[in-house]
Amino acid sequence: MTQPSDQSTALDNLLTESRAFPPSEEFAKQANADASLYEEAATDREAFWAKQAERLHWETRWSQVLDWSNAPFAKWFVGGRLNVAYNCVDRHVDDGHGDQVAIHWEGEPGDTRTITYADLKREVSKTANALLSLGLETGDRVAIYMPMIPEAIFSMLACARLGLTHSVVFGGFSAEALRSRIEDAEAKLVITTDGQYRRGNPAPLKPAVDEAVAKTPTVRNVLVVRRTGTEVDWTEGRDLWWHDVVEGQSEEHTPQAFDSEHPLYILYTSGTTGRPKGILHTSGGYLTQCAYTHNVVFDHKPGQDVYWCTADIGWVTGHSYIVYGPLANRVTQVVYEGTPNTPHEGRHWEIVQKYKVSIYYTAPTLIRTFMKWGHDIPAKFDLSSLRVLGSVGEPINPEAWMWYREHIGGNRCPIVDTWWQTETGAIMISPLPGVTAAKPGSAMAPLPGVSARVVDDTGTPVGKGGGGYLVLDKPWPSMLRGVWGDEQRYRETYWSRFAAQGFYFAGDGAKYDSDGAVWLLGRVDDVMNVSGHRISTTEVESALVSHPRVAEAAVVGATDPTTGQGIVAFVILRGGASSEEEGAALVKELRDHVAKEIGPIAKPRQIMVVPELPKTRSGKIMRRLLRDVAENRQLGDVTTLQDSSVMDLIKSGLAKSS
Ligand code: WTA
């Protein structure tokens with residue numbers, strides 16, 4: 001495990017940051033949340049969360065707020081019953097807001113759809129009726145492998161409506177990644193499209209499903225939305241067109257209430273081993289925290305704001321802050337299908353201007369990309385509608401924070417740097433935009449109702465100025481309820497590191513500054529963060545060694561100015577390479593191989609062919625030293641190496657080949 005101090009030396013300069021930006025009086029006056037929330041939550045946490053749960057419509061009220069008697073398995077709002085889709089769709093229509101736009105959808109090629117809450121109710125009901133006609137029953141799992149089109153959201157909500165558990169798999173993942181996720185969840189249905197638009201061109205998607213499903217006997221049907229018109233292979237009896245199955249369905253469907261702890265979805269995320277974990281989220285507590293945080297962190301005003309979260313529904317941010325939280329809060333939101341530079345680098349700002357977006361939530365990697373493209377690009381558009389800016393996915397460096405504030409926010413919008421994880425389900429640490437004097441680069445403080453601490457190696461909380469590991473010391477409503485089908489892994493991954501204290505181990509390093517503000521310092525385990533996407537080093541290593549020419553591989557995340565971290569792989573070739581050309585060709589082949597095995601996001605930035613790997617006496621690869629090489633740094637301590645000449649060998653080999 002990397003010591004958090006490794007990260008903190010690299011990031012020490014961050015902590016000298018002394019600028020702070022309090023909200024304007026005008027903003028503070030109209031804000032949804034004020035400072036009294038912290039006090040209220042501290043006085044009686046459970047009463048506080050019960051009050052937040054009142055944001056939802058419950059068919060049956062709960063009898064107990066939290067049952068933690070079987071820790072680390074939490075139950076929230078015990079005995080309560082609700083329908084998640086009813087809360088996100090129907091109740092807004094019932095309350096007289098059927099004509100309000102729920103989704104301004106913008107396709108990459110420029111086609112658009114305007115979907116009101118009444119439309120959304122009809123579409124979700126038809127989709128639910130279609131899923132029923134396919135014989136799916138409450139509790140069954142459905143895999144969703146789709147680009148950012150409205151049908152993806154209809155599908156998620158239709159599952160929620162029927163008590164089916166969805167497993168959304170990012171459309172950029174490979175057939176193999178999809179297969180393993182379908183297999184682990186034993187999904188009965190896959191919903192997909194013929195193809196997806198990527199950087200202006202249609203790319204096929206269904207072939208990956210065909211390949212995956214050939215090896216997953218649990219799948220009975222594949223439901224296919226026509227998006228790009230790309231020709232597809234067809235398996236009669238198994239494959240069904242969306243327009244044949246969904247379009248003719250009744251627009252009426254009466255939702256039924258489910259238990260507060262009914263499984264809502266599984267979302268796979270990278271861990272420290274090669275096999276992704278299926279993070280399980282349930283209904284009542286999850287939706288409560290999504291709705292609460294979306295309301296207070298983004299200061300969202302239903303019927304007035306236009307909100308845009310740029311995430312993909314393949315990630316947790318898309319689940320909690322495109323689908324569940326915002327729709328529960330009767331949002332009007334933009335959903336954009338494509339890439340930020342199609343057809344030009346001002347696409348996002350053009351969309352902000354067109355729809356008068358007032359709340360914009362994105363990732364630091366994209367902010368740094370915008371910086372690279374130049375501030376003259378956003379300057380060409382009218383961004384005066386913006387009033388709150390958000391950031392998520394990785395630490396945001398002060399420079400990017402300041403650029404975001406000035407060039408996007410016109411020095412007037414509060415920025416909320418939101419720390420959370422797939423496992424936490426919803427935002428945990430963040431400024432409140434009308435309350436907090438935010439410091440560029442700091443997530444500041446746990447939200448009211450959330451309890452987090454920074455502890456040292458022994459689990460003892462550190463004080464102001466101290467650093468260590470981030471832990472969550474009290475259960476929270478949207479917390480994961482386990483790892484799908486693997487209780488042991490749940491206990492080991494999150495609850496064993498500080499078992500004596502009963503703390504949840506987040507896997508992130510953190511530090512308090514002298515004012516007690518929290519600074520996140522990146523992962524302390526073997527998980528890389530590339531453009532805000534979690535990828536485990538082991539996962540990429542297994543993909544590499546699955547290639548016949550690779551004898552051994554070690555992967556590290558090296559600091560990258562745009563993507564946060566870049567994947568750098570060191571490989572030992574079987575039989576070596578006979579010439580430089582062969583070596584170069586092989587490196588290209590290996591990069592493509594990883595893209596095929598996991599997905600293009602996991603493609604190493606760089607692959608270095610080496611004669612040996614640095615190992616400790618117990619045989620553990622010393623990634624720290626490889627990171628030094630990858631980042632062109634002087635080597636750290638090599639005394640624990642089994643053979644200290646290995647590093648010389650690696651470095652001289654690399655010097656020769658470069
Ligand atoms: C990192 C994304 C610093 C962190 C919602 C965490 C952050 C991992 C921040 C979870 C932030 C996320 N500041 N680091 N504001 N937000 N992270 O599961 O390392 O894809 O553990 O969830 O991203 O990534 P995940």
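Quick caveat: nothing in here was measured; it's all calculated off a predicted structure. Just so you know, ligand 1 is whichever comes first in the structure, and atom 1 is the first atom listed for that ligand.
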| said: Would Gly507 count as a contact residue for ligand 1, given that I'm defining contact as a non-hydrogen atom of the residue lying under 4.0 Å from a ligand atom? | reply: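 Gly507: no contact with ligand 1 (<4.0 Å).
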
| task | Determine whether any heavy atom of Trp420 lies closer than 4.0 Å to an atom of ligand 1. | result |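 The answer is yes, since Trp420 has a heavy atom less than 4.0 Å from ligand 1.
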
What protein heavy atom sits nearest [atom], and how far off is it?
{"atom": "atom 24 (O) of ligand 1", "answer": "Arg534 CD, 3.1 Å"}
{"atom": "atom 21 (O) of ligand 1", "answer": "Arg523 NH1, 2.8 Å"}
{"atom": "atom 23 (O) of ligand 1", "answer": "Gly393 O, 3.1 Å"}
{"atom": "atom 3 (C) of ligand 1", "answer": "Pro395 N, 3.1 Å"}

| Residue pair Tyr504 / Thr424, side-chain donor-acceptor N/O under 3.5 Å |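 No - no donor-acceptor pair under 3.5 Å links their side chains.
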
| message | So that I can tick it off, tell me whether Glu176 and Arg179 are bridged by a salt bridge, with the cut-off set at under 4.0 angstrom between side-chain N and carboxylate O. | response |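 Salt bridge flag = yes for Glu176 with Arg179.
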
| message | Side chains of Thr317 and Tyr361, heavy atoms from C-beta outward: is any pair under 4.5 Å? | response |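 Yes - at least one pair of side-chain heavy atoms lies under 4.5 Å apart.
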
| Distance in Å, Thr339 OG1 paired with Arg199 CZ, rounded so as to fall on 0.5 Å steps |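 One finds 5.0 Å between OG1 of Thr339 and CZ of Arg199.
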
| Among Arg534, Glu539, His533, which one satisfies side chain to side chain donor-acceptor pair (under 3.5 Å) with Ser270? |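 So the option named by the test is Glu539.
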
| Residue portion contacting ligand 1 (non-hydrogen atoms closer than 4.0 Å) for Asp508 |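 Asp508 to ligand 1: side-chain contact only, backbone stays beyond 4.0 Å.
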
